Amino acid sequence: MRPGNPEALSLPYDPSRIEPERYAFWEQLGVFQPRADLAAAPRGTGSKAPFVIAIPPPNVTGSLTMGHVLGESIRDTIVRWQRMEGRETLYVPGMDHAGIATQNVVEKKLRAEKQSRHDLGRDGFLKAVWEWKEQYGGLIFQQERRLGTTPDWTRERFTLDEQYSHAVLHVFKKLYDEGLVYRGRYIVNWCPRCRTALSDEEVDMVETDGHLWHIKYPLKDGSGSLTVATTRPETMLGDTGVAVSPKDPRYTGLVGSFAVLPLVRREIPIVADDMVDPKFGTGAVKVTPAHDPNDFQTGRRHGLSEIVVMDEDGRMNDAAGDFRGLDRFEARTRIVAALQDAGYLDKVEPHRHNVGHCSRCNTVIEPYLSWQWFVKMAPLAAQAIEAAKKGKIKLFPGRWKKVYLHWLENIRDWCISRQLWWGHRIPVWYRGEEMIVSIERPEGDGWVQDEDVLDTWFSSWLWPFATLGWPNPTNDLARYYPNSLMVTGSDIIFFWVARMVMAGYYFMGEAPFSHIYFTSIVRDAQGRKMSKSLGNSPDPLAMMEKYGADSVRFCMVQTPTGQDLLFDEKRLESGKFFANKLWNATKLVSMRMGDEDLSGVKESQLRLTLADRWILSRFANAVKDVTRNLKTYRFAESAQAVYHFAWNEYCDWYLEMAKPRWALADLGDAMTDEQRADLRTARWVSWKVLDGILRLLHPFMPFVTEELWQALPHDGDTLAMASWPKAKKSWFDAASEREVEFLQAVVVAVRNLRIESKIAPGKPVPVFVRGDAAQLDLLEKLASQITPLARIEKLTVSRDGSRPKVAASAVVEGAEIFLPLDGLIDLDEERARLAREAEKLLTDLEGVKKKLRNQDFLRKAKPEIVAKENERLVQLEETLDKLKRAQQSLISVKE
RNA sequence: GGGCGAUUAGCUCAGUUGGUAGAGCACUUGCUCGACAAGCAAGGGGUCACUGGUUCAAAUCCAGUAUCGCCCACCA
């Protein structure tokens, strides 16, 4: 046992003073690494298995947001709790190279210097990005240390690390060899600004007000025209057909004949296809196979040619004839005008529809026909689906399972090639007609590597095992895979979570983790998403500076489960106030501990009072609550349980009840043996329970709890490695809880009477109590501990039934409490108060009576419920009766 | 077009198997009494969105309605 250091508490609580130092302290102790003694032992199973969690790797360009703070608070709370439970814990940190995002950032910087990536060339540009990464990348982890999180920094990974890159390329080759990666020319989502293909997940659909243009296409035989409706007239230049519904009688005669494409004069066939809905628009659809995914399918079904009319910047190309060189939106305007001039435009209707936007830069997506690499997903999805269905992986909150399954069951192939430079270059080599998939450059001359890189998510989906050294059979991999838990936002459930599960099964034969907890999405007070452009994202570092990292953690962790969090800075105050409260409580306890060594004290040597038994029982309950709620990811409930116990029970009541016994120390040598034992007991219990509170709270508020724990006598180097409290069976004591509840009710009643009677707050008052023998006995036994709480001058328990003549009165559990007034106050007011009280009781009484008159209730309700109501009836009637008599006595005094 | 979530005190939200509606903040009143004014004590404030149903009993279970939000979806 080490002595405490009470002087540490002489200054007021100031988070910015204590927090930064503590982090270095933990790091020096090696708190963040898996415990060496446990890591040296054979790997256990179940709750003895290592607890492993990986950070969702933030973008290398990222800086800390409140969203990160939320996730990190939750992850670290769990890790710290598990560590205290004695488990070997590993929290793996790392960053994502974030292909598009990072390339955008560096290109922007180049633009500011009037350069483009093409000026530097591929190698030069990559060098520039790496330099940027070394200089600015990873800022987020510097910021994160301020939050007090405990990842094992010695294992920090980056998705472009050599080993990790090898894993990515290995995966590509393996999937290719096994027929799950293929190259093909298909319509993909193309961002003309980023100049790359995107996956479906990287496209945001935005409901947009547009138009439906009705365009007349003349029939080749000159017998008239048919009208098509389109939202994208500019693509008509690439039309190679017109489709109608086979069931549409209007057009049956035309199927098989040709129309002449306006402006272009190309003859295009009219085909029948089920894709067409006769009820929409004109029932005739222009078919542009190279610029629309549906039309692509239709085109393939009917053997229509595919004419690309735009380039990769979204400008019209040579195939666009007179419109070549125009931006696609400019071309739209000009084409519509040209159609109108030539009399082809039938009409224009306003039309609301969904338009895809690049999730990175918000540019309108262009469906674009190009050569890309894809992953066949259906075979990978099968096990991920089964895992969730069979409960091998559990999602919290559970409703996300449906979302997860729906996506997997309707999964589409994944476009993984990106026309970028920053990323894992696709390990495919070409020489003339030859193609080789190989991680190494093939032997021989003339091989040219594929220009494209892989989607960033194609590397991050390997995170749970690639960070542990895979594909090499490392010790870490054997020991720490699978991970235990994934904590992340539901916004990346498809991007990342579901894909990790697929990769985990496919490459490791096992789910990457068994539990997935989805955090809230942090929004501003108006419910808007946090964003740089809105400027509504509070700076987490400023928040920590102002309220302390402890408070930020404590408050952020208490988010509604699986609901959006409307962030309001004001909320952060409460954690700081709580920390301050504990600071002062600890100061008090440590001051009153004296220099007595309590470490060897056994419970059997103590003289536990009712108050002690009560607080120990309440503590045991708190331990149970806090732990149970952590187990089920109910962080708000867990945190609230400590908060409420520490503040409203321990500080508000127990410490006050301990004060009179602490004061015995003033007697010095004059103390009797019994008094000495009482003093020791009060010291021991107040310290033990406080120690327990600090342990329970440590995962949530690591800094202040460590600081306070060090100030008290403690065992071990750091609270971070101390053991998690256990709820001792012998401490649960329902009888003591009931008895103290009664005493508390008496105290509250007296406080009430004083206020109602307008007695000066500081003035001690005599109090008389009439009640049953057990109640009076209780009061007498604990008199010295409760009289200060209500400023009672002298507590007289009235065994003979006598009572003061003129008194304010209240009834608590049948006991009558009298506060003598001696004509001090307005009797009318006291009578009115009693009347109000009685009225309230009467309403309750009516309710109970009604219930008990109901035969159905008596017959069908559970017996204990009926008994409870009966009990309540008796008590209400008794109380009411006593209040009435009190009123009577006041009247008789007046008369 | 499908799916999901929300609706409880002025605000943000709890309310785990149905059994007397809670917390924090805000508000009112009173407090330099030996830890704490970042505090203490006391208090006001709710037809639990609406309608129906199940039940002895519904904030809680079921059905529907309304409003808000999110996700998914190839009607050009």
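Computation of the quantities below employed the complete heavy-atom set of this structure, encompassing side-chain atoms and omitting hydrogens, waters and symmetry-equivalent molecules. Computed from a prediction, not measured in an experiment: that's the story for all the values here. Each chain gets a letter, A, B and so on, in the order the sequences are listed, and its residues count up from 1.
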Whole angstrom value for the distance that separates [atom2] of [N] from [atom1] of [X]:
X      : N     : atom1 : atom2 : result
A:K570 : B:C25 : NZ    : C1'   : 7 Å
A:I521 : B:C4  : CD1   : C1'   : 14 Å
A:K659 : B:A35 : NZ    : C1'   : 7 Å
A:Y633 : B:A14 : OH    : C1'   : 21 Å
A:N621 : B:U16 : CG    : P     : 18 Å
A:E409 : B:G3  : CD    : P     : 15 Å
A:N580 : B:A35 : CG    : P     : 14 Å
A:D625 : B:A23 : CG    : C1'   : 15 Å

* To do: Decide if atom CD of A:E871 counts as having more than 12 heavy atoms of other residues, nucleotides or ligands within a radius under 6.0 Å.
  =>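 No - once you tally the heavy atoms of other residues, nucleotides and ligands closer than 6.0 Å, there are 12 at most.
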
* Asked: Around atom CD of A:E839, are there more than 12 heavy atoms of other residues, nucleotides or ligands at under 6.0 Å?
  ->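 For A:E839, atom CD is not crowded (no more than 12 foreign heavy atoms under 6.0 Å).
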
* Write down the distance separating the C1' atoms in B:G19 and B:G1, rounded off to the nearest Å. =>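 The same atom, C1', in both gives a distance of 43 Å.
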
* C1' gap between B:C70 and B:A76, integer Å ->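 To the nearest whole Å, 27 Å.
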
* Closer than 4.0 Å, any side-chain N/O of A:K581 to the OP1 or OP2 of B:C40? ->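 Checking A:K581 against B:C40: at least one side-chain N or O falls below 4.0 Å of OP1 or OP2.
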
* **Note, A:T235 side chain near A:D292 side chain (heavy atom, < 4.5 Å)** =>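 The answer is no; the side chains never approach within 4.5 Å.
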
* To do: Give each stem of RNA chain B as a range with a range, requiring at least 3 consecutive Watson-Crick or G-U wobble pairs whose two distances are under 3.5 Å.
  =>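 Consecutive-pair runs (3 or more) involving RNA chain B: B:1-7 with B:66-72, B:10-13 with B:22-25, B:27-31 with B:39-43, B:49-53 with B:61-65.
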
Write out a two-atom table: protein N or O, nucleotide N or O from nucleotides 42-46 of chain B, distance below 3.5 Å.
| from | atom 1 | to | atom 2 | distance (Å) |
| --- | --- | --- | --- | --- |
| B:A42 | OP1 | A:R751 | NH1 | 3.4 |
| B:A42 | O3' | A:N752 | ND2 | 3.3 |
| B:G43 | OP1 | A:N752 | ND2 | 3.2 |

* Asked: Are A:R328 and A:E234 ion-paired here, with the side-chain N under 4.0 Å from a carboxylate O?
  ->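 Looking at A:E234 together with A:R328, the answer is no, because their closest N to O distance does not fall below 4.0 Å.
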
Using atom names, set out every protein N or O paired with an N or O of nucleotides 70-76 of chain B below 3.5 Å, distance rounded to 0.1 Å.
| from | atom 1 | to | atom 2 | distance (Å) |
| --- | --- | --- | --- | --- |
| B:A73 | OP1 | A:R412 | NH2 | 3.3 |
| B:A73 | N6 | A:N354 | ND2 | 2.7 |
| B:C74 | OP1 | A:R412 | NH1 | 3.1 |
| B:C74 | O2' | A:N294 | ND2 | 2.5 |
| B:C74 | N1 | A:N294 | OD1 | 3.2 |
| B:C74 | O2 | A:N294 | OD1 | 2.6 |
| B:C74 | O2 | A:N294 | ND2 | 3.1 |
| B:C75 | O2 | A:D277 | OD2 | 2.7 |
| B:C75 | N3 | A:D277 | OD2 | 3.3 |
| B:A76 | N6 | A:D277 | O | 2.8 |
| B:A76 | N6 | A:F280 | O | 2.7 |
| B:A76 | N1 | A:D277 | N | 3.1 |

* Asked: Ring centroid separation for A:W647 and A:Y643, is it under 6.0 angstrom?
  ->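 Yes.
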
* When you get a sec, tell me which of B:C40, B:A35, B:C33 is the closest nucleotide to the side chain of A:K587? =>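 My answer, after comparing the listed nucleotides, is B:A35.
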
